[in-house]
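Here's the structure, in structure tokens; my notes come after.
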Amino acid sequence: GTRLTPVLAITLVAAAAFRIAYLLQYRATSVFFDAPLLDAAVYDGWARRIAAGEWAPAEPFFFSPGYAYALGLFYAAFGRSLLAVYAVQLVLGLVSLVLVHRLTTLTFGRRAGDVAAVLAALYAPLPFLETKLMSASLALVLLLGALSVLAGGVARGGRWRPALAGVLLGVTSLIRPETLLLGVFLLPWLWRAWPREAGNAGPPLAALAGLVLGWGLAIAPDALHNVRHGAGTSLIASHGALTFYQSNNPRARGLYTFLREEGFSGSPETEMEEEKAIVGKALGHPPTRPEMSAYWYGRGLEFIRDQPGAFV
């Protein structure tokens, strides 16, 4: 499952050449190369503060912190070079192609692995996002790594693999919290697929325990920080409630909506303060973080209840 096939080798060479050409063209022609916008600007400013020694805010995390901390550590070690960040992320993109090949080969065979790697190399959003200060590239390589570790465990066993996969999934969740939803599907699959010793249900139970323990340990520092600073049950970031309402409201059409009618400007850099003002006005008092989360979840669920057809 890990051999470098001729198709994978050609795919990697072609993908690397495309990424180099794209990076050089982007640097030469785009005014946005050194000017992060929207979410990228949030990550850049946050990473600069981390690199300067501001390790933890005195409030719960509003956005998921994983990518900002990875970027901040990079800035602290190598300085703020966006070109260097983009180059590293382009390399991660190539690693993702290898992991797509490995995961598919382990699951469906070498020919399917070759096809999957070619299709992934042709997916244009990947190199586009790799040249932005965005979390997708780092999250994707970690997620594929975790799934590859689990697939390897299913194929060959190994007590350490579920725990390692859990840690990788936990770190991925710190970058992209929606990864937590994968547990709903991953745990039943692991129970069914994990190799059993004859007449013994112990190995699947141990695999599940290792996966959950590794996952939980990875997100525990974030969750403890949020609880300590009054975020209630927000495990990773409190932005999820607002995101839920953005996706479940009468104006939602499957694309990003920044809720202009609610009073938001569309700027991620001011979104937290705007949310406090909007919810505070609705409740009639300065809201706590759990109250803000309950407000947006409540409105989203109310929409689903009252307009099930529009929700579908």
Side-chain angles (χ1 to χ4, degrees), residues 37-43 45-46 56-69 133-136 139 169-170 172-185 215-216 219-312:
L37 297 175
L38 300 175
D39 287 11
V42 172
Y43 285 130
W46 193 352
E59 58 186 2
F61 290 119
F62 183 65
F63 296 109
S64 50
Y67 182 72
Y69 277 84
L133 294 185
M134 300 292 286
S135 62
L169 286 167
T172 309
S173 299
L174 294 176
I175 299 170
R176 304 287 300 195
E178 63 269 27
T179 306
L180 292 172
L181 298 175
L182 183 61
V184 176
F185 307 97
W215 207 330
I219 67 174
D222 187 346
L224 290 173
H225 171 86
N226 288 338
V227 169
R228 188 180 303 119
H229 291 86
T233 57
S234 295
L235 288 177
I236 296 173
S238 58
H239 189 257
L242 181 56
T243 301
F244 178 77
Y245 181 68
Q246 285 173 327
S247 304
N248 298 282
N249 68 77
R251 294 173 298 281
R253 294 294 182 271
L255 301 174
Y256 175 70
T257 304
F258 63 79
L259 305 176
R260 184 195 309 273
E261 295 82 356
E262 305 287 348
F264 288 98
S265 66
S267 170
E269 295 173 285
T270 59
E271 194 169 55
M272 182 170 65
E273 295 304 319
E274 291 168 353
E275 182 191 23
K276 289 180 181 178
I278 293 166
V279 178
K281 182 178 179 180
L283 299 182
H285 63 266
T288 64
R289 177 52 56 188
E291 285 178 327
M292 286 188 275
S293 293
Y295 177 81
W296 296 116
Y297 279 128
R299 291 195 59 185
L301 292 171
E302 181 181 341
F303 160 73
I304 294 172
R305 182 198 66 199
D306 295 342
Q307 302 184 46
F311 164 68
V312 172

In Å and rounded to the nearest 0.5 Å, what is the CE to CD1 distance from M292 to I278?
-> 11.0 Å

Here the pair of heavy atoms bringing P65 nearest to I236 is CD-CG2, 3.9 Å

Answer yes or no: does atom NZ of K276 have more than 12 heavy-atom neighbours from other residues, nucleotides or ligands under 6.0 Å?
-> yes

Measure from the side-chain N and O atoms of R253 to the backbone N and O of P250, and report whether any donor-acceptor pair falls under 3.5 Å.
-> yes

Mind checking the CG-CG spacing from L133 to L37? Nearest 0.5 Å is all I need.
-> 10.5 Å

CZ/F303 to OH/Y245 distance, rounded to the nearest 0.5 angstrom?
-> 9.0 Å

T172 and A139 have their tightest heavy-atom pair at CG2-O, 3.6 Å

With sequence neighbours excluded, residues passing salt bridge (Lys or Arg N to Asp or Glu O under 4.0 Å) with E178 | R176

What one should report as the nearest heavy-atom pair of P287 and G280 is CD-CA, 3.6 Å

Rounded to the nearest 0.5 Å, how far apart are CG of N248 and OH of Y297?
-> 10.5 Å

For the residue pair A237 and S64, what are the closest heavy atoms and their distance?
-> CB-N, 3.5 Å

Y69 and F61 aromatic ring geometry - parallel, tilted or perpendicular at 30°/60° bounds = perpendicular

How long is the gap from CD1 on I304 to CZ on F311, to the nearest 0.5 Å?
-> 4.0 Å

Would you say R305 has more than 12 foreign heavy atoms packed within less than 6.0 Å of its CZ?
-> yes

Residue that, paired with H239, satisfies ring pair (Phe, Tyr, Trp, His ring centres under 6.0 Å) out of F62, W296, F244 = F62

Could you tell me whether the side chain of H225 and the main chain of E59 form a donor-acceptor pair under 3.5 Å?
-> yes

Please report the C-alpha distance between L242 and E271 in whole Å, then the side-chain angles of each, then the deciding distance to 0.1 Å, and finally whether the side chain to side chain contact (heavy atoms under 4.5 Å, CB included) criterion is met.
-> CA-CA 10 Å; L242 181 56; E271 194 169 55; 3.8 Å; yes

Would you check if the side chain of N226 reaches a backbone N or O of A223 as a donor-acceptor pair within less than 3.5 Å?
-> no

Do L235 and D222 pass the side chain to side chain contact (heavy atoms under 4.5 Å, CB included) test, and can you show the C-alpha distance, the side-chain angles, and the key distance before you say yes or no?
-> CA-CA 7 Å; L235 288 177; D222 187 346; over 6 Å; no

Taking E291 for its side chain and T288 for its backbone only, find out whether a donor-acceptor pair lies under 3.5 Å.
-> yes

Lys/Arg-Asp/Glu bridge criterion (N-O < 4.0 Å) met for R299, E302 | no

Which atom names give the shortest non-hydrogen contact between H229 and P57, and what distance separates them?
-> NE2-O, 4.0 Å

Distance in Å, Q246 CD paired with E262 CD, rounded so as to fall on 0.5 Å steps = 10.0 Å

Any idea which heavy atoms bring T179 and W215 closest together, and the distance?
-> O-CZ2, 3.5 Å

